[in-house]
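Basis for what follows: all heavy atoms, side chains included, without hydrogens, waters or symmetry-related copies. Start at 1 with the first residue, then count along the sequence.
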Amino acid sequence: MSDEVATDGGAVVESEEPASGGSGGSALSRLRERDDFVVVASAAALVVFPFLLVDVLGAVGDVIGLSIGGYTGLPSLVLIYGIIVIGFNLLLGYTGLLSFGHAAFFGSAAYSAALFSQIVPSPLLMVVVGTLVATLLAWPIGFVSIRRSGVYFAVLTLTFGQALYFYALGPGSWLTNGDNGFSNIEADGLFLGALPFDAQLTPLPILDSYTVMYGFAAIAMLVAIWVGNRIINSPYGLIFEALGENEERVEFVGLNVFRYKLMAFVISAIFAGVGGALFVIHEQYIHPTTGLYWIQSGDFVIMTVLGGTGSLVGPVFGALVFEYVANVVSGVSLPAIGSIGSLWRFVLGAVFVTIVWVFPRGIYGAFADLAALVNGGGGEGGDSTDPAATDGGERE
């Protein structure tokens with residue numbers, strides 16, 4: 001990183017060398033760093049995503065006799081969790097900090113948005129309020145947790161998250177409705193209810209999976225990708241990456257390590273807050289176990305590592321696989337085994353172990369290695385400048 005980040009009396013400046021971001025500085029990697037290319041490519045993928053997930057897989061399932069097609073709301077759910085793990089990856093994949101308490105920001109944003117909907121049932125304002133609450137909550141939690149590293153940091157974040165969970169379940173039940181969950185959510189649709197979230201974006205029956213909710217989540221995803229790409233390819237992102245590689249060297253060049261780690265923590269919480277608010281708009285229900293329990297934080301870790309840390313959209317692939325197994329594979333009934341049902345986490349565990357074992361850099365890393373193999377090497381797979389945490393935070 002010393003070749004990529006130079007200091008001038010404490011001010012960070014970019015070097016003349018292209019910021020590789022772990023991609024070797026090839027023409028393709030430089031293209032991926034351009035905002036316009038990233039946004040346009042992401043928008044193209046978002047346009048075809050529901051069609052492939054719901055309609056194409058549904059048609060294939062009809063042919064083979066298995067229900068492998070997604071349902072109408074699944075594409076939106078994947079995007080919501082994708083937004084969360086894009087931010088989570090900034091903390092884990094680049095800064096090298098493993099948090100087990102991000103459910104606190106996800107759940108607090110969801111509850112805040114749900115409560116605010118009782119006053120003003122505006123989805124846009126619900127997202128703003130939920131994100132604001134998650135941001136304000138992240139400052140004190142990060143301020144305390146960042147002072148420790150490794151397993152101590154992970155346990156501290158876990159403790160804060162569990163404290164909020166038990167508060168929502170017990171003492172705070174007057175606000176959260178406790179174990180009954182919060183279901184009285186008023187989010188009628190966009191533009192003062194003129195566009196209900198379950199309305200279709202097009203009159204074509206073949207595109208009935210394109211709903212207003214999906215369009216809303218897709219726009220939020222595009223903004224999240226643009227912001228994430230801006231951060232990763234900025235001097236700030238380079239410092240995050242440097243922190244993940246060698247914290248002592250960053251401190252040696254005169255940078256305030258605590259401040260940058262805290263900012264990485266807060267930024268990742270902002271993404272979790274956006275996702276939490278969108279989740280409650282999508283589901284119209286929130287429960288302490290769904291929003292604040294430590295398993296939700298663990299799910300963020302699994303999605304990120306499964307998709308591939310240290311890349312912008314890699315964790316989104318992890319969110320897709322996770323939600324597909326949880327919502328589609330769990331409903332599949334096999335001739336010799338029967339219904340998978342509640343065994344879906346067992347299936348997910350098998351998928352996770354297989355991918356991490358065979359492709360240590362996750363799904364996106366596997367795609368990058370395959371592309372490098374097709375191009376005759378020289379891609380990300382053989383790049384020694386990959387972020388330190390591209391193997392899930394474990395440094396070799």
same_hphob_cluster(Val133, Val128) at 4.5 Å side-chain heavy-atom cutoff: no
Salt bridge (Lys or Arg N to Asp or Glu O under 4.0 Å) against Arg345, all qualifying residues, sequence neighbours excluded: Asp299
Verdict with reasoning, Thr131 to Ile270, per side-chain contact (heavy atoms from CB on, under 4.5 Å): CA-CA 6 Å; Thr131 305; Ile270 292 173; 3.7 Å; yes
Residue pair Gly107 / Leu292: nearest heavy atoms and the distance that separates them: CA-CD2, 3.6 Å
With Ala199 via side-chain contact (heavy atoms from CB on, under 4.5 Å) - residues at least two apart: Pro196, Val212
Thr157 (side chain) donor-acceptor with Ala154 (main chain) under 3.5 angstrom: yes
Shared hydrophobic cluster, Val120 / Leu132 (ILVMFWY, side-chain heavy atoms < 4.5 Å): no
Heavy-atom closest pair, residues Val280 and Ala113: CG1-CB, 3.8 Å
Positive for ring pair (Phe, Tyr, Trp, His ring centres under 6.0 Å) with Phe105, one of Phe279, Phe300, Phe265: Phe265
Straight-line distance of Ser268 OG to Leu92 CG, nearest 0.5 Å: 10.0 Å
CA sep, side-chain torsions, deciding dist, call: Ile86, Met221, side-chain contact (heavy atoms from CB on, under 4.5 Å): CA-CA 9 Å; Ile86 284 176; Met221 169 60 86; 3.8 Å; yes
Heavy-atom pair of closest approach, residues Met213 and Leu278: CE-O, 4.1 Å
Arg147: salt bridge (Lys or Arg N to Asp or Glu O under 4.0 Å) partners, not counting sequence neighbours: none
Hydrophobic cluster (4.5 angstrom, side-chain heavy atoms) - remaining members for Ile219: none
Main-chain N/O of Ala168 paired to Thr176 side chain as donor or acceptor, under 3.5 Å: yes
Non-hydrogen atoms of Ala134 and Ala109 that approach each other most closely: CB-CB, 4.2 Å
Ile231 side chain reached by Tyr94 side chain, heavy atoms, under 4.5 Å: no
Those residues that, when tested against Asp35, pass salt bridge (Lys or Arg N to Asp or Glu O under 4.0 Å) (two or more places apart): Arg230
Nearest-0.5 Å distance that lies between atom CD in Glu251 and atom CG in Leu243: 10.0 Å
CG-CD1 distance between Leu255 and Ile239, expressed to the nearest 0.5 angstrom: 5.0 Å
Minimum side-chain heavy-atom gap Phe359-Asp369 below 4.5 Å: no
Cluster link Val48 to Val40, ILVMFWY, side chain under 4.5 Å: no
Pairs where residues 42-73 contributes a residue and the test ring pair (Phe, Tyr, Trp, His ring centres under 6.0 Å) is met, not counting sequence neighbours: none
Geometric class of the Phe88/His102 ring pair [parallel <30°, tilted 30-60°, perpendicular >60°]: perpendicular
Ile68 side, atom CD1; Asp62 side, atom CG - distance, nearest 0.5 Å: 9.0 Å
Nearest-0.5 Å distance that lies between atom CG in Asn229 and atom OG in Ser234: 9.5 Å
Within one Ile-Leu-Val-Met-Phe-Trp-Tyr cluster: Ile281 and Ile119, side-chain cutoff 4.5 Å: yes
Gly275 to Ile84 - nearest heavy-atom pair and separation: CA-CG1, 3.7 Å
Summary of side chain to side chain donor-acceptor pair (under 3.5 Å) pairs that have at least one residue in residues 286-298, sequence neighbours excluded: Asp179-His287, His287-Thr289
Any side-chain heavy-atom pair of Met126 and Ile185 under 4.5 Å: yes
Transitive ILVMFWY side-chain link Val356 to Phe367, under 4.5 Å: yes
Summary of ring pair (Phe, Tyr, Trp, His ring centres under 6.0 Å) pairs that have at least one residue in residues 204-228, sequence neighbours excluded: Phe197-Phe216
Sidechain-backbone polar pair: Thr135 side chain, Ala269 backbone, donor-acceptor under 3.5 Å: no
Ring pair (Phe, Tyr, Trp, His ring centres under 6.0 Å) contacts in which one or both residues fall within residues 112-149, not counting sequence neighbours: Phe143-Phe258
Nearest heavy-atom neighbours spanning Met263 and Tyr236: CG-OH, 3.4 Å
Heavy-atom side-chain contact between Leu156 and Ile146 under 4.5 Å: no
All side-chain contact (heavy atoms from CB on, under 4.5 Å) counterparts of Val144, not counting sequence neighbours: Phe160
Intermediate values then yes/no, side-chain contact (heavy atoms from CB on, under 4.5 Å), Val301 and Leu98: CA-CA 8 Å; Val301 178; Leu98 176 57; 3.9 Å; yes
Ile225 and Val39, any side-chain heavy atoms less than 4.5 Å apart: no
Centroid-centroid distance, Phe322 to Tyr81, less than 6.0 Å: no
Side chain to side chain, Val305 and Phe352, heavy atoms closer than 4.5 Å: yes
Pairs flagged by side chain to side chain donor-acceptor pair (under 3.5 Å) wherever residues 108-121 is involved - sequence neighbours left out: Gln118-Asn184
side-chain contact (heavy atoms from CB on, under 4.5 Å) between Phe271 and Val227, worked out: CA-CA 10 Å; Phe271 281 80; Val227 172; 4.0 Å; yes
Any Tyr324 side-chain heavy atom under 4.5 Å of Leu53 side chain: yes
Qualifying residues under side-chain hydrogen bond (donor to acceptor under 3.5 Å, both in side chains), relative to Gln162, sequence neighbours excluded: none
Member of Leu91, Thr304, Val85 meeting the side-chain contact (heavy atoms from CB on, under 4.5 Å) criterion with Thr309: Thr304
pair Glu245-Val250: side-chain heavy atoms closer than 4.5 Å: no
Spatial distance of atom CG (Leu46) from atom CG (Leu79) [nearest 0.5 Å]: 6.0 Å
Ser99 (side chain) donor-acceptor with Gly101 (main chain) under 3.5 angstrom: yes
